[in-house]
There are 2 protein chains.
Amino acid sequence: MLTERQLTILQVIIDDFIDSAHPIGSRALSKKENLPYSAATIRNEMADLEELGFLEKTHTSSGRVPSEKGYRYYVDHLIGPIISPSPNEVTIIKNIIDDGFFEFEQIVQMSAEVLSKLTSYTSIILGPEMFETKLKQIQILPLSAHTAVAILVTNTGHVEHRSFSIPEKVRASDLEKMVNIMNDSLKGVPIVQLQEKLATEVAQLMKMYIDDFDTSFDYLKSVFLSEHPVKLYIGGKSNILMQPEFNDVDKIRSFFNMMEKEDEIANLLKNTKSGIEVTIGNENEVEAIKDLSLITASYHMEGDHMGTIALLGPTRMEYRKVITLLRGLSNEMTDALYMWYKNDDA
Amino acid sequence: MLTERQLTILQVIIDDFIDSAHPIGSRALSKKENLPYSAATIRNEMADLEELGFLEKTHTSSGRVPSEKGYRYYVDHLIGPIISPSPNEVTIIKNIIDDGFFEFEQIVQMSAEVLSKLTSYTSIILGPEMFETKLKQIQILPLSAHTAVAILVTNTGHVEHRSFSIPEKVRASDLEKMVNIMNDSLKGVPIVQLQEKLATEVAQLMKMYIDDFDTSFDYLKSVFLSEHPVKLYIGGKSNILMQPEFNDVDKIRSFFNMMEKEDEIANLLKNTKSGIEVTIGNENEVEAIKDLSLITASYHMEGDHMGTIALLGPTRMEYRKVITLLRGLSNEMTDALYMWYKNDDA
DNA sequence: ATTAGCACTCGGGTACATAGAGTGCTAACA
DNA sequence: TGTTAGCACTCTATGTACCCGAGTGCTAAT
């Protein structure tokens, strides 16, 4: 068990290191007011803390640096009261969301950028996932003799569209009929069930009305059932260049390499529980971010997990600030979702 | 005037330097088959070429490096026959475009990525601009009691949408009426004239039918007339980290800083004439890319400039390859545009 | 339990020597 | 007159030696 004094020293070291990125020496610590001990005393304590695994040295005679275990302890016990975001930050967040307009994707994108700007880390936002999203309307609009655009609208105001050219074989009138049938029978169906319903019930129905059913149907499927990938927004990839730990070209390269594997990152965020989660360095399962820390927060709609907001930065991260901010934003987003979609009449 | 031999030497030096990024010495050159001269002879020629401003030294006793003037001359006179893109590249380009589906924006985005991957430079695509784009349909779809989504489709299959909440004052039925009026009177109107027509003719018409005209109209305007910024797609920002000239963290920082000023970049590309243009280093007017080269190509629709494709890389760029590729792609895009929209019946 | 003192360690900066690549110039050559 | 061999010179890159300062660990005194 750590003594009170050890706790204080650990906390001060981590706070200082987070701030300065330089190893902390005993002399500097002994000058702090809340540590009225001599450098030698503090050295002894630091040696103990190192033995316990909370601190590390970069070389034999350097100052101390927090270990991952140290950060973990700090995050779990020493982080102090999570203050609410500063008024300034609150206004910034609120401004993004209370715009009168609400394109959720747009909000998510702006949030990613703002988060990154406020922290100088890289922000990643996943979602929203569309489990509860229902179909509102399907439309096919001819553009010219043999091209058209298909538009699909959900109850959340999400719009997907796809332009395509109509093969000779497929008759425009058939397409129209099919769309009508789809609208009649699929309105209000959750997006995730769309494919299934379309293949079974709706297909039955259509066969009765459409001449060259097979060709047209295959075609239709390819238009409407393209993957709906969960979207990933990344903000401030280059913001992280301001961190002193990215002082080396190779690190920068490997960081950017990693950021290009969007699906891997998406997976990382998908498996988060609700609430705020902090994974530090090697706690991360993905090789590429084993020397970074990831903080995730999820946002909800009526209890259902909708998506995840995350910040990725060096293990020397401003945990307190980031946790505060993420909590603020995820609450804001959860509230906003509720506000907008509670009167859902899809 | 340069002698035949000087030309050859200049060409070989630039070719080599583009390939290796290392200063070229006389000994290495004298070993080439097409330069059957001794190192001393070549040294003399190089000294002359330097005096003329085509070559530079990095320090007194280093090999030679092309100057910007050298690159300029190379691009204008020595670049050799612009071969057509390799069959491999052709297939790649064609695959992006002949997808059966054509979301122009999607194609543009993919093109940006592919271009960057093929060259290891950063690609920038501007456009397409919507001068000739005409309105196809406007639709407002209620989502819940007081929210709705507005969808605007153009004859090119471009879809803009915006969700918004309806203020108490504005009656849904009024909105609907207004949309009907707009559809009737604005169909086929070029997007760029939309705002003007709406404010004059259409507003007149509406006044006759709508009760609380002013509020509703103001509101409508804010929904539909949000800026239509010309879109900018950037591919392979981090690809450029593979270039040896980006071996220094500061350079990387300033490069990424520059890439964030999207409007500045957009301006850069807007002012290009048709055809292929190469600007080398200080020929660029924008400070931030004065040690890079930019190659632009524009694509058209029935003679009208629609947008610009560009590649940004070190002055030591594979000019021949890039010019080839850009020409290929811009032709492909021009063709594709023509194919899709020639039967335009908006 | 705390602290002062001291020997020790290591990184980073500076100075210096050396090797190698390349040049410029001169003189010899065809 | 154009070409080439030879040589002195220059500059970079690399390696080595050295010192300074910050910091530690340990011992002994308080």
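Chain letters run A, B, ... following the sequence lines, proteins first, then strands; residues in each count from 1.
Between A:Arg27 atom CZ and C:dA4 atom C1' the separation is 13 Å, expressed in whole Å. A straight line from CD of A:Glu56 to P of D:dT24 spans 15 Å, rounded to a whole angstrom. Atom OH in B:Tyr37 sits about 13 Å away from atom P in D:dG2, given to the nearest Å. For A:Arg5 and C:dA1, the CZ to C1' distance is 8 Å, given to the nearest whole Å.
For the residue pair A:Tyr121 and A:Glu318, the shortest heavy atom distance occurs at OH-N, 2.9 Å. The two residues A:Met317 and A:Ile18 come nearest to each other via the heavy atoms O-CD1, 3.1 Å. Of all the heavy atoms in A:Ser26 and A:Ala39, the pair that sits closest is CB-O, 3.6 Å.
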Under 3.5 Å, which donor-acceptor pairs link side chains of residues 63-71 of chain B to any protein atom two or more places apart or in another chain?
unit_1	atom_1	unit_2	atom_2	d
B:Arg64	NE	B:Glu50	OE1	2.9
B:Arg64	NH2	B:Glu50	OE1	2.9
B:Ser67	OG	B:Gly53	O	2.5
B:Ser67	OG	B:Phe54	O	3.1
B:Ser67	OG	B:Lys69	N	3.3
B:Ser67	OG	B:Gly70	N	3.0
B:Glu68	OE1	B:Asn282	N	3.1
B:Glu68	OE1	B:Asn282	ND2	3.4
B:Glu68	OE2	B:Asn282	N	3.3
B:Glu68	OE2	B:Asn282	ND2	3.2
B:Lys69	NZ	B:Leu52	O	2.8

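B:Glu245 pairs by the salt bridge (charged side-chain N to carboxylate O under 4.0 Å, His left out) definition with B:Arg316, not counting sequence neighbours. B:Ser86 pairs by the side-chain hydrogen bond (donor to acceptor under 3.5 Å, both in side chains) definition with nothing, not counting sequence neighbours. When the side-chain hydrogen bond (donor to acceptor under 3.5 Å, both in side chains) test is applied to A:Thr41, the partners found at least two apart in sequence or on another chain are A:Ser38. Not counting sequence neighbours, A:Tyr37 has no partner by the ring-ring contact (aromatic ring centres under 6.0 Å, His included) test.
Regarding contacts with the backbone of D:dT12, every side-chain N or O of B:Lys57 stays at 4.0 angstrom or more from both OP1 and OP2. Dashed line: the shortest gap from a side-chain N or O of B:Ser26 to OP1 or OP2 of C:dT23 is under 4.0 Å. At the phosphate of C:dG24, OP1 or OP2 sits under 4.0 Å from a side-chain N or O atom of B:Arg64. For C:dT2, neither phosphate oxygen OP1 nor OP2 lies less than 4.0 angstrom from any side-chain nitrogen or oxygen of A:Thr41.
Among residues at least two apart or in separate chains, side chain to side chain donor-acceptor pair (under 3.5 Å) pairs with a member in residues 256-271 of chain A are A:Glu260-B:Ser238. Listed by first then second residue, pairs satisfying salt bridge (charged side-chain N to carboxylate O under 4.0 Å, His left out) with a partner in residues 77-87 of chain A number zero, not counting sequence neighbours. Identified under the salt bridge (charged side-chain N to carboxylate O under 4.0 Å, His left out) test for residues 275-292 of chain A, with sequence neighbours left out: A:Arg72-A:Glu283, A:Lys273-A:Glu277.
Between A:Asp250 and A:Arg253, the closest side-chain pair of non-hydrogen atoms falls below 4.5 Å.
Atom NZ of A:Lys237 and atom CE of A:Met258 lie 9.5 Å apart (nearest 0.5 Å).
Axis deviation across the helix from C:dA1-D:dT30 to C:dA30-D:dT1 amounts to 10°, comparing end segments of five pairs, rounded to 10 degrees.
The nucleotide whose nearest atom lies closest to any side-chain atom of B:Ser38 is, among D:dA5, C:dT3, C:dT23, D:dA5.
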Taking it one step at a time, do A:Phe256 and B:Phe256 satisfy ring pair (Phe, Tyr, Trp, His ring centres under 6.0 Å)?
-> CA-CA 12 Å; A:Phe256 279 102; B:Phe256 279 102; 4.8 Å; yes
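Within residues 7-23 of chain B, no residue approaches DNA chain D, by heavy-atom distance under 4.0 Å. In the region residues 44-55 of chain A, proximity to DNA chain D at under 4.0 angstrom, judged on heavy atoms, holds for A:Met46.
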Go along nucleotides 5-14 of chain C 5' to 3' and tag each nucleotide: B for a protein heavy atom under 4.0 Å from its base, S when only backbone or sugar atoms are that close, - otherwise.
-> B---BBS---
